[in-house]
Amino acid sequence: MVITSLNFIAFRNLTATKCTPAADFNVLWGQNAQGKTNFLEAVYLLGFLKSFRTQRNEDLISSGETHSRLQGNIASGPLSHHIELMIEPQQKRVQLDTKKVRKASDILGILRPVLFSPDEVNLVKGSPSGRRDFLDRALLQADPTYLERVQDYLRTLRQRNRLLRNGAADSELSPWNEALITNGARIHKDRCRFIEQLQPRIQHAYARITEVQEEARLNYPKSEIENPAEDMRCALHRLAREERRLGQTLVGPHREDPQFLVNGQNLRAFGSQGQQRCFILAFKAAQIEHLEQTTGDSPVLLLDDITSELDSQRKSYLFDFLRERRGQVFLTTTDADSLRREGLAQARFFHVKKGQLHDE
Ligand SMILES: Nc1ncnc2c1ncn2[C@@H]1O[C@H](COP(=O)(O)OP(=O)(O)OP(=O)(O)O)[C@@H](O)[C@H]1O
């Protein structure tokens with residue numbers, strides 16, 4: 001898939017930005033705090049409807065404005081689509097080909113942006129919720145219907161927590177236990193299946209990046225158990241008193257923690273910065289290849305200031321990887337010359353200055 005045109009109005013410091021990107025490499029360069037990441041964020045929002053930096057709509061709207069408007073034309077094989085996203089403080093409204101989109105899952109997949117940003121490296125050592133979210137975002141790109149299953153689970157979880165907090169009787173809780181088990185086991189299976197598909201690619205990419213014999217694994221807890229529903233039921237029984245005492249659900253995929261392992265050691269506790277970066281890079285490469293194979297289409301890559309983060313070996317892997325694949329890429333950098341030296345001289349260069357884009 002290729003973005004053929006973009007139009008951003010009143011988005012952060014991008015007051016009025018029009019752009020006709022190249023079908024392959026696009027470099028957004030400029031000094032710090034000029035709007036380069038804002039541009040990537042806008043593209044990401046058009047495809048994913050969620051920011052990778054904030055949950056608050058107000059942050060996205062240019063100061064002093066009431067709403068932002070993002071528009072993009074996307075060509076995918078013989079098809080072309082127009083996405084329009086209106087961001088207001090209390091809501092987002094989406095149109096696909098001028099028709100109102102009611103369910104987010106109907107639009108995921110029209111534009112698939114895969115982001116690689118330095119901040120993601122911190123996920124490896126951060127909280128379990130960051131790692132779950134990281135995995136879930138990748139899964140959603142591969143399978144937009146996963147969103148509805150996650151939403152069902154979260155609704156059940158909220159309701160069950162409310163009942164636990166209010167000291168509801170067992171008979172009242174019982175149907176919610178069953179709903180939690182059914183929806184939770186589905187999420188567990190979805191995540192395990194997805195990781196199983198990515199695993200050989202992660203391993204392969206990691207070996208190529210590092211050129212050492214280390215085994216990289218993404219591990220999901222209890223992925224080997226045959227019946228996750230039964231396992232959840234037993235755990236709910238075991239922890240029933242504790243759940244009532246705390247007023248919250250202690251069992252289910254919202255508590256599970258994907259582990260990033262190298263040679264069997266958890267990077268969360270033992271990983272060097274270099275191993276963390278390699279792992280995330282390998283994961284992204286695996287995710288992209290998997291998307292290309294399962295959807296038959298290349299996602300759009302958004303690389304935020306990545307060259308300053310990587311050493312020369314990882315940079316050369318990344319550029320080889322980018323050159324070998326087809327597909328559209330947007331890179332941000334403060335140093336356009338170094339990208340020209342990397343062989344991206346054919347890219348389309350946009351200078352970003354004070355929220356304005358200048359085609360060069
Ligand atoms: N809602 C908003 N309204 C107006 N300006 C905003 C808004 N949100 C952020 N900005 C401005 O956007 C700029 C930051 O842009 P961005 O994060 O894209 O930087 P960048 O060019 O990627 O820089 P770096 O290289 O440091 O990452 C800052 O000047 C900030 O004040």
Side-chain angles (χ1 to χ4, degrees), residues 3 6-19 21 25-72 84-93 111 113-123 126 273 276-277 280-281 284 300-311 314-315 318-319 322 328-342 344 347-360:
I3 300 172
L6 290 164
N7 188 17
F8 305 145
I9 299 161
F11 182 79
R12 293 205 187 256
N13 75 336
L14 308 174
T15 44
T17 297
K18 278 195 175 167
C19 164
F25 289 104
N26 297 278
V27 176
L28 298 139
W29 67 278
Q31 291 180 351
N32 293 124
Q34 300 302 308
K36 303 183 297 295
T37 307
N38 295 346
F39 184 98
L40 297 190
E41 188 181 27
V43 175
Y44 189 86
L45 267 154
L46 267 178
F48 207 68
L49 310 183
K50 265 183 153 189
S51 163
F52 53 83
R53 296 204 283 188
T54 179
Q55 308 233 10
R56 286 164 32 97
N57 288 1
E58 287 96 328
D59 296 343
L60 304 170
I61 303 167
S62 297
S63 319
E65 298 290 340
T66 55
H67 62 271
S68 304
R69 190 188 294 271
L70 309 178
Q71 296 170 319
E84 173 162 329
L85 176 64
M86 259 291 255
I87 304 169
E88 295 166 355
Q90 300 306 327
Q91 64 173 345
K92 293 194 189 92
R93 286 186 282 155
L111 165 62
V114 172
L115 171 80
F116 186 18
S117 88
D119 291 346
E120 290 180 301
V121 173
N122 301 327
L123 286 172
Q273 273 280 332
Q276 294 171 51
R277 287 196 191 110
I280 297 292
L281 190 54
K284 295 289 168 171
V300 173
L301 257 60
L302 308 176
L303 306 178
D304 193 16
D305 201 16
I306 214 62
T307 48
S308 64
E309 275 285 309
L310 299 176
D311 63 21
R314 290 178 196 109
K315 241 192 279 189
L318 178 65
F319 284 106
L322 293 177
Q328 194 172 34
V329 184
F330 293 84
L331 294 110
T332 70
T333 185
T334 47
D335 179 7
D337 287 341
S338 83
L339 289 184
R340 286 196 179 93
R341 282 196 300 275
E342 295 289 348
L344 292 191
R348 189 165 294 172
F349 282 76
F350 298 94
H351 185 198
V352 186
K353 198 170 173 190
K354 293 188 183 156
Q356 302 285 327
L357 226 63
H358 304 278
D359 200 345
E360 291 188 333

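Counting starts at 1 for both ligands and their atoms, in listed order.
Nearest protein neighbour of atom 17 (O) of ligand 1, counting heavy atoms only, is R53 NH1, 3.2 Å. Ranking the protein heavy atoms by distance from atom 11 (C) of ligand 1 puts N13 CB, 3.8 Å first. The single protein non-hydrogen atom nearest to atom 2 (C) of ligand 1 is R12 CA, 3.4 Å, given as residue, atom name and distance. Scanning the protein for heavy atoms near atom 26 (O) of ligand 1, the closest one is N32 ND2, 3.0 Å. Atom 22 (O) of ligand 1 has T37 OG1, 2.5 Å as its closest protein atom, hydrogens excluded (heavy atom only).
Distances from atom 7 (C) of ligand 1 to the protein include at least one heavy-atom value under 4.0 Å. For atom 31 (O) of ligand 1, the nearest protein heavy atom lies 4.0 Å away or farther.
Considering N38, T15, L28, L60 only, the shortest heavy-atom separation from atom 16 (P) of ligand 1 involves N38. Among G30, A10, A33, the residue whose heavy atom sits closest to atom 28 (C) of ligand 1 is A33.
Note: Q34 CD to Q356 CD = 11.0 Å, rounded to the nearest 0.5 Å. With rounding to the nearest 0.5 Å, the separation of CZ in F116 from CG in L301 is 10.0 Å.
Considering both main-chain and side-chain atoms, T334 never comes within under 3.5 Å of ligand 1 through any nitrogen or oxygen pair. Considering backbone and side-chain atoms together, K36 places an N or O closer than 3.5 Å to an N or O of ligand 1.
When all heavy atoms are compared, the tightest approach of G35 to N13 is CA-OD1, 3.6 Å. A pairwise comparison of heavy atoms in E41 and S51 identifies OE2-OG, 2.7 Å as the closest pair. Shortest non-hydrogen contact noted between K92 and L85 is CB-CD1, 4.0 Å. Considering all non-hydrogen atoms of both residues, P21 and F350 come closest at CA-CZ, 4.2 Å. Heavy atoms only, all atoms of each residue included: Q90 and N57 are closest at C-ND2, 4.1 Å.
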query = T332 and D304: side-chain hydrogen bond (donor to acceptor under 3.5 Å, both in side chains), yes or no, with the steps?
reply = CA-CA 5 Å; T332 70; D304 193 16; 2.8 Å; yes

task = Would you sort out whether Q91 and E88 count as a side-chain hydrogen bond (donor to acceptor under 3.5 Å, both in side chains), showing the intermediate values?
result = CA-CA 5 Å; Q91 64 173 345; E88 295 166 355; 2.8 Å; yes

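Residue contacts with ligand 1, taken as heavy atom pairs separated by less than 4.0 Å, involve D59 solely via the backbone atoms N, CA, C and O.
Using the six-membered ring where Trp is involved, F52 and Y44 have ring planes that are perpendicular, over 60° apart on the 30 and 60° scheme. In this structure, F39 and F8 have perpendicular ring planes: the angle between them is above 60°, well past the 30° mark.
Applying the 4.0 Å criterion to heavy atoms of I61 picks out, from ligand 1, the atoms 1 (N), 2 (C), 3 (N). Those atoms of ligand 1 with a heavy atom of Q34 less than 4.0 angstrom away are 19 (O), 20 (P), 21 (O). Ligand 1 places these atoms under 4.0 Å from at least one heavy atom of G35: 15 (O), 16 (P), 18 (O), 19 (O), 20 (P), 21 (O).
Using 4.0 Å as the threshold, V352 has no heavy atom nearer than that to any atom of ligand 1. Using a 4.0 Å cutoff on heavy atoms, S63 counts as a contact of ligand 1.
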